[in-house]
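Inspection log for the structure reproduced underneath, given as structure tokens.
First the proteins, then the strands, lettered A, B, ... as listed; each starts at 1. As the structure is a computational prediction, the values presented were derived from the model and not from experiment. The figures that follow rest on heavy atoms only: side chains count, while hydrogens, waters and symmetry mates do not.
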Amino acid sequence: MSREAVFNLVVLAGLVALPLYAHLSDAPFTITLATRAVILSLAAVGLNIALGIGGLVSLGHAVFFGVGGYAMGILAFHAQTYAPLMEWPFVVEGTKSMPVIWLVAVVFSALVALGIGLLSLRTSGVYFIMITLAFGQMFYYFAISWSAYGGEDGMSIYVRNGFPGLNTLVPVQFYGLCLVLLCAALAFNAVLLRSPFGLALNAARQVPDRVRAVGLDPFRLRLLAFVISGAITGLAGALFADLNRFVSPTMFSWQLSGEFIVFIIIGGTARLFGPVAGAVLFVALEHFLGGVSDYWHIWFGLLLLGVVLFGRGGLIGVIAGRGRGHD
Amino acid sequence: MSLILIAEQVLNGLQFGIMLFLMAAGLTLIFGVMGLINLAHGSLYMVGAFCAAAVAAATGSFALGLVAALAGAAAAGALIELVVIRRLYDRDHLDQVLATFALILIFSEGTRWVFGSFPLYLDVPPALAGPVALPFGIQYPLYRLALIVIGLVVAAGLFWLIARTRIGVQIRAGENDREMIAALGVDIDRLYTFVFALGAALAGLAGALVGAIQSVQVGMGEPVLILAFVTIVIGGIGSIKGALIGALLVGLTETLGSVFLPELFKLFMAPAAATQTGASLSSMAIYILMAMVLIWRPTGLFGARA
């Protein structure tokens with residue numbers, strides 16, 4: 001077994017063991033922290049499909065996170081006020097059921113990703129970065145001006161949504177649900193990497209001309225990757241909203257998009273568990289450095305600068321050595 | 001809806017656009033010459049505003065504040081170019097995004113550390129305070145008019161610098177072929193530091209000038225940065241002319257949209273719904289403009305054909 005595989009197993013074991021330990025020793029805040037880390041991991045795993053395999057540096061992935069969050073917020077808001085979402089041409093009621101909310105979050109974030117992808121994938125390189133950033137800002141301002149759903153103040157959902165057979169109000173049960181979804185996304189990602197689509201997408205990043213020469217269209221490969229990527233990040237958004245029982249325009253903020261990329265890079269680019277390692281590290285630093293200094297972002301910025309300038313390969317690169325290169 | 005109101009809003013749009021140009025010009029110059037995407041450009045805007053506010057508060061002179069803004073932002077720009085940015089020219093865009101994102105965190109929290117979380121205020125200088133009477137009975141704040149004039153003068157100076165001076169020739173040559181001009185004996189490292197500091201100074205100037213009509217606070221740079229990105233995507237990356245046209249388009253669309261779209265919708269909708277729809281749509285107007293330009297010309301109005 002490679003050192004990277006051992007590292008992945010250790011991370012996974014830690015994600016299972018730590019919250020169980022916290023549950024037994026009655027430390028619900030630790031579980032909440034771990035849930036936050038797992039959900040942010042899921043968002044970054046989504047981004048990693050576009051960025052890691054497809055080479056699409058999207059600086060607007062918070063859009064999908066926010067769309068997922070608002071899908072949850074709007075459905076649950078209508079369920080808790082008993083007002084139907086729409087009455088014509090057919091009645092749509094709100095819902096407090098997680099599976100339905102997840103489905104809606106995934107479908108809508110995929111649709112938004114399709115729209116943004118169709119426009120922004122016409123360009124590449126630095127244009128793509130700036131355009132995804134700009135679309136992110138567009139959604140942010142739209143959410144602020146959307147006063148029907150809280151506008152700038154956001155909306156609170158009073159009771160966490162339910163999942164059949166579970167009591168999601170118990171922190172460790174909700175955590176387990178999130179962890180299962182993260183594992184499913186990681187397994188999907190691993191399968192995708194080896195699938196014909198994943199190989200073609202990888203090739204489209206490296207030598208688009210040859211991909212074109214064998215009759216594949218890089219644009220369509222990238223678009224599909226972008227849509228899948230957005231859908232997974234959207235699912236994470238719905239979970240994040242449920243964790244906080246609150247949605248607000250900050251879920252669309254461009255800083256969050258930047259942080260998703262940061263997770264992938266400090267964890268290790270082109271590694272399956274890179275986003276997970278990065279997000280866990282980020283949440284841990286946020287918690288511990290945040291306790292030490294109000295200005296912990298300075299130290300985090302310096303760390304990030306160090307990783308980018310000198311430590312290629314991120315955390316997994318340091319621990320597991322050079323893996324399969326991504327170039 | 002009077003003509004005077006329209007004229008005032010057009011002037012507001014011009015003023016906003018010309019300040020956006022100061023930001024966008026630096027960004028597009030830095031991208032054109034060095035191939036670098038600089039997210040920390042908004043931080044330099046903030047540095048300029050804070051320098052101006054601090055010096056103006058200490059000395060009581062707005063002019064000294066402006067000098068401090070130019071010097072402070074240029075110095076901060078030169079410093080980060082020498083320490084960080086220089087190592088990024090050969091890297092891919094992903095590394096550039098991350099490193100400059102890290103710089104934003106450091107600048108923002110550093111400024112919060114030094115100046116605290118409360119906004120500072122920079123007063124309009126007394127000589128430029130109050131309204132001025134323009135033809136056709138338009139009353140317009142003198143300071144905003146001065147911003148338009150200053151911005152146009154700086155824009156003209158920049159075009160002159162690029163088109164007519166020796167350093168401008170070197171900058172244009174650097175955009176085309178960096179090895180060749182290095183071989184001709186131009187110190188390329190010094191040129192890059194100069195271009196970066198120049199872009200930083202323009203951003204700092206914009207921050208200080210706008211700081212007098214808005215509050216000076218941490219995080220003021222990033223919304224402007226993203227608008228500047230929209231501007232150069234519309235104008236075409238690397239083109240100063242594109243940055244000017246793009247900035248005016250964005251400035252006018254943003255300003256006129258937020259005033260007139262709700263009015264437009266009131267013609268055929270209930271007032272409350274019209275205000276709501278108009279506000280939502282106007283907050284998205286410049287991005288819709290950007291999307292339309294991209295469909296028409298993916299590399300922007302004046303960008304090189306990819």
(request) Answer yes or no: is there a side-chain heavy-atom contact under 4.5 Å between A:Leu47 and A:Ser58? (result) yes
How are the rings of [X] and [Y] set to each other: parallel, tilted or perpendicular (split at 30° and 60°)?
| X | Y | result |
| --- | --- | --- |
| A:Phe142 | A:Trp146 | tilted |
| B:Tyr89 | B:Tyr192 | perpendicular |
| A:Phe65 | A:Phe260 | perpendicular |

(message) I need the residue from B:Val233, B:Ile37, B:Ile226, B:Ile288 with the largest number of non-hydrogen atom pairs under 4.5 Å to chain A.
(response) B:Ile226
Portion of [X] that has a non-hydrogen atom of chain A nearer than 4.5 angstrom:
| X | value |
| --- | --- |
| B:Ile286 | neither |
| B:Leu39 | side chain |
| B:Ile104 | side chain |
| B:Phe31 | side chain |

Considering only heavy atoms, which portion of [X] lies under 4.5 Å from any heavy atom of chain B: side chain, backbone, both, or neither?
| X | answer |
| --- | --- |
| A:Val126 | both |
| A:Ile144 | neither |
| A:Leu118 | neither |
| A:Ile129 | side chain |
| A:Ser147 | both |

Quick one: does any side-chain atom of [X] pair with a main-chain N or O of [Y] as donor and acceptor, under 3.5 Å?
| X | Y | result |
| --- | --- | --- |
| A:Ser229 | A:Ile49 | no |
| B:Thr193 | B:Asp189 | yes |
| B:Thr100 | B:Val97 | yes |

(request) Could you tell me the separation between the CG atom of A:Leu51 and the NE2 atom of A:His61, rounded to the nearest 0.5 Å? (result) 8.5 Å
(request) Go through A:Phe300, A:Trp299, A:Trp254 and name the one with the most non-hydrogen pairs under 4.5 angstrom from chain B. (result) A:Trp254
(request) Heavy atoms only, distances under 4.5 angstrom: which of A:Asp294, A:Ile131, A:Leu303, A:Val307 has the most pairs with chain B? Name it, please. (result) A:Ile131
